[in-house]
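Read the structure below first, then the notes.
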Amino acid sequence: MPQLKASELREKSDDELKETLENLKQELFNLRVQKVAGSPKAGKIGEVRRAIKRVLTVQTLRKRLELKKQYVNSKWIPIDLRTKKTRAQRHALTPQQKNLREKKLNRKKKIAFRGHMFAVVRPIRK
């Protein structure tokens with residue numbers, strides 16, 4: 001089977017992808033049997049395995065897109081569909097929370113550092 005390109009696979013329908021996947025798996029099985037028998041075509045196994053991976057990747061991407069469409073306006077999104085961020089980014093405050101925090105800190109600073117009044121005593125000159 002010739003090398004499959006992901007762009008070509010994306011254009012195929014789901015049924016065609018399933019059929020392609022079955023054909024590739026059958027071909028892989030046949031190549032493994034030939035390898036045991038001592039055939040020189042054993043190097044083609046890697047190509048077929050990569051083609052299977054491409055088909056599975058396209059199928060997975062389609063499923064994820066459909067699921068994302070379902071959860072567009074919902075409050076909770078499954079963990080698998082959430083954007084991947086660092087732990088610090090996930091736990092960071094939202095812009096609204098940051099704004100509230102800054103206001104609170106500014107109020108505390110104003111109270112803590114009011115202009116202090118000191119009684120300055122000047123020496124009397126005679």
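Only this structure's heavy atoms are used, side chains among them; waters, hydrogens and symmetry mates stay out.
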**Report entry** Between CG on residue Leu56 and OG1 on residue Thr60, distance to nearest 0.5 Å
**Finding:** 6.5 Å
**Report entry** Lys85 backbone acceptor or donor facing Arg90 side chain under 3.5 Å
**Finding:** yes
Query raised in the report: Is the number of heavy atoms from other residues, nucleotides or ligands under 6.0 Å of Arg49 CZ greater than 12?
Result: no
Requested in this report: Can you measure from NZ (Lys35) to CG (Leu28) and round to the nearest 0.5 angstrom?
Outcome: 10.0 Å
Query raised in the report: So do Arg54 and Lys5 actually touch side chain to side chain, heavy atoms under 4.5 Å?
Result: no
Query - Reported OG1-to-CZ distance for the pair Thr57 and Arg10, which is rounded to 0.5 angstrom - result: 9.5 Å
Requested in this report: Kindly say whether Lys44 contributes a backbone atom to a donor-acceptor pair with the side chain of Glu47 at under 3.5 angstrom?
Outcome: no
Query - Closest non-hydrogen atom pair between Trp76 and Tyr71, with its separation - result: O-CD2, 3.6 Å
Query raised in the report: If you look at every heavy atom in Leu9 and Arg62, which pair is closest and at what distance?
Result: O-NH2, 3.6 Å
Query raised in the report: When rounded to the nearest 0.5 angstrom, what is the spacing between NZ in Lys109 and CG in Leu105?
Result: 6.5 Å
Query - N/O donor-acceptor pair under 3.5 Å between Glu22 side chain and Glu19 backbone - result: no
Query raised in the report: Hey, is NZ on Lys12 packed in by over 12 heavy atoms from elsewhere, all under 6.0 Å?
Result: yes
Report task. Using modelled atom types only, decide if a donor and an acceptor are shared between the side chain of Gln89 and the backbone of Thr86 within a distance under 3.5 Å. Result -> yes
Query raised in the report: Where do Ala6 and Val58 come nearest, in terms of heavy atoms and distance?
Result: O-CG2, 4.3 Å
Query raised in the report: Which distance, rounded to the nearest 0.5 Å, do you find between the CD of Gln96 and the CZ of Arg101?
Result: 15.0 Å
Report task. Give a yes or no on whether Val55 and Phe29 share a hydrophobic cluster (residues Ile, Leu, Val, Met, Phe, Trp, Tyr; joining criterion: side-chain heavy atoms under 4.5 Å apart). Result -> no
Query raised in the report: Would Leu81 end up clustered with Leu61 when hydrophobic side chains under 4.5 Å apart are linked, directly or stepwise?
Result: no
Report task. Of all the heavy-atom pairs spanning Lys84 and Ile79, show the shortest one and how long it is. Result -> NZ-O, 3.8 Å
Query raised in the report: What's the verdict on side chain to side chain contact (heavy atoms under 4.5 Å, CB included) for Thr94 and Gln97, showing C-alpha distance, side-chain angles and the deciding distance?
Result: CA-CA 5 Å; Thr94 62; Gln97 291 170 333; 3.2 Å; yes
Query - Reported CD1-to-CD distance for the pair Ile45 and Glu27, which is rounded to 0.5 angstrom - result: 10.5 Å
Query raised in the report: What is the minimum heavy-atom distance between Lys98 and Leu93, and which atoms define it?
Result: CE-O, 3.6 Å
Report summary line: Note: Ile77 and Arg82 closest approach over all heavy atoms is O-NE, 2.7 Å
Query raised in the report: Do Leu24 and Leu4 touch side chain to side chain, with heavy atoms closer than 4.5 Å?
Result: yes
